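Everything on this sheet refers to the single structure shown next.
The model shown is predicted, which means the values in this text are computed figures rather than measured ones. Whatever order the structure lists them in is the order used to number ligands and atoms, beginning at 1.
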Amino acid sequence: MVTKKIAVLFSGSGSNLEAILQKVHNKIFNNVKIEVVLTLTNKANAYGIERARRYGLESVVIEHTKFASREEFDQALVDEIKKHNVDLTVFAGFMRILTPVFTNQIKAINLHPSLLPLFKGAHAIKESFESEMLVGGVSVHYVSEELDGGKLIMQRAFEKSDDMSLEEFEEKIHAIEHEILPESIVKILCK
Ligand code: GAR
């Protein structure tokens, strides 16, 4: 059996980090064991730190505010990730735009709460809820220099019902995220 190592980067609540820890960490798929060897955040108060701790993982904090440029911050991320020899880096609500310093050195995937290429950016949930579209959805894609660009790996859509509130729409998005981010990791590492 082979072991594939992943790093998970997050900035906030970390519910997707927790989905990864629950569904794929130390689990075997097609004779491949997946192990989360690094949890890393750019926010010292991110709740994901607590969630990781419950699984015995102490997160590394690298605050972007402490760096003079995006490139220097990105290099610090690269240095930390490279120490752990990972096969894949996963952005689970990691809210940073990356420069080529990162994207040229690290193979990473990102989760986004819309059907890309629609509704890129930080307000995807509200914008897709308010749009005329009759479906909402979630995308997982490779990280590239372009914000929320990069080749798509997996998408899942759902129908908006007429009486759906923004809160219900958001809940549905998060439920799908918790399915397709772990599924994407397995698809990439264990097929
Ligand atoms: C998720 O909804 C994810 O799609 C979004 O941040 C949230 C993180 O939630 N990411 C982006 O918008 C990236 N552009 P979590 O901290 O509970 O996992």
Side-chain angles (χ1 to χ4, degrees), residues 6-25 36 38-55 57 59-64 70 73-74 77 88-99 102-103 106-131 133 135-158 160 164-185 187-188:
I6 64 174
V8 184
L9 276 53
F10 59 97
S11 298
S13 160
S15 70
N16 285 285
L17 162 68
E18 184 154 3
I20 292 167
L21 292 170
Q22 258 173 21
K23 295 183 177 179
V24 304
H25 179 50
V36 177
L38 171 65
T39 54
L40 188 158
T41 182
N42 63 317
K43 297 270 191 180
N45 61 353
Y47 184 63
I49 294 172
E50 288 304 318
R51 298 193 200 248
R53 214 167 261 154
R54 287 186 217 137
Y55 286 79
L57 293 162
S59 301
V60 173
V61 179
I62 302 180
E63 290 172 293
H64 60 279
R70 282 190 186 275
F73 170 68
D74 284 3
L77 293 179
L88 185 68
T89 294
V90 179
F91 288 8
F94 187 59
M95 305 306 238
R96 296 295 305 164
I97 296 170
L98 285 308
T99 69
F102 185 94
T103 55
I106 300 292
K107 180 186 176 189
I109 65 172
N110 181 45
L111 173 69
H112 187 75
S114 75
L115 294 170
L116 290 170
L118 297 170
F119 313 116
K120 293 180 177 183
H123 307 290
I125 296 181
K126 190 161 185 286
E127 286 172 13
S128 57
F129 177 74
E130 287 172 357
S131 81
M133 286 186 65
V135 292
V138 175
S139 304
V140 179
H141 63 92
Y142 284 104
V143 174
S144 71
E145 280 165 58
E146 191 204 332
L147 175 68
D148 301 324
K151 194 177 179 317
L152 287 164
I153 298 155
M154 208 178 272
Q155 289 188 306
R156 195 157 297 161
F158 63 96
K160 265 192 216 167
M164 211 174 204
S165 66
L166 175 61
E167 290 67 35
E168 285 164 338
F169 184 79
E170 197 161 351
E171 259 175 44
K172 183 74 188 161
I173 297 256
H174 292 313
I176 293 174
E177 289 179 338
H178 298 162
E179 290 170 5
I180 76 165
L181 187 56
E183 285 176 22
S184 298
I185 295 168
K187 180 178 173 184
I188 293 167

Nearest non-hydrogen protein atom, atom 16 (O) of ligand 1: G14 N, 2.7 Å

Contact summary for G149 and S144, nearest pair of heavy atoms: C-OG, 3.6 Å

The one among G48, S11, P113 that brings a heavy atom closest to atom 12 (O) of ligand 1: P113

Taking every non-hydrogen atom, the tightest pair across V36 and H25: N-ND1, 3.0 Å

Ring-ring centroid check F91 F102, cutoff 6.0 Å: yes

Closest approach of any protein heavy atom to atom 7 (C) of ligand 1, naming residue and atom: G93 CA, 4.3 Å

Closest approach of any protein heavy atom to atom 14 (N) of ligand 1, naming residue and atom: H112 ND1, 3.2 Å

Residue, atom name and distance, where the atom is the protein heavy atom closest to atom 10 (N) of ligand 1: L111 O, 3.6 Å

Atoms of ligand 1, numbered as shown, that sit under 4.0 Å from any heavy atom of H174: 2 (O)

Over all atoms of both residues, closest heavy-atom pair of L21 and A52: CD1-CA, 4.0 Å

pair S128-L118: side-chain heavy atoms closer than 4.5 Å: no

Minimal non-hydrogen separation, F119 against S131, with atom names: CZ-CB, 3.5 Å

Only distances under 3.5 Å count here; give the side-chain donor-acceptor pairs of residues 166-176 to other protein atoms, sequence neighbours excluded, each with its distance to 0.1 Å.
residue, atom, partner, partner atom, Å
E168, OE1, S165, N, 2.9
E168, OE1, S165, OG, 3.4
H174, ND1, E177, OE1, 2.9

Atom 9 (O) of ligand 1: the protein heavy-atom neighbour that sits closest, reported with distance to 0.1 Å: N16 ND2, 3.7 Å

Within residues 116-131 or reaching into it, pairs that qualify as salt bridge (Lys or Arg N to Asp or Glu O under 4.0 Å) - sequence neighbours excluded: K120-E146, K126-E130

Atom indices of ligand 1 within 4.0 angstrom of S13 heavy atoms, with elements: 16 (O), 17 (O)

Option nearest atom 11 (C) of ligand 1 (shortest heavy-atom distance, choices M95, K120, E170, R51): M95

D148 and ligand 1 - part of the residue with a heavy-atom distance under 4.0 Å: side chain

Protein contact to atom 17 (O) of ligand 1 [nearest heavy atom, distance to 0.1 Å]: S15 OG, 2.6 Å

Identity and separation of the nearest protein heavy atom to atom 4 (O) of ligand 1: E177 OE2, 2.4 Å

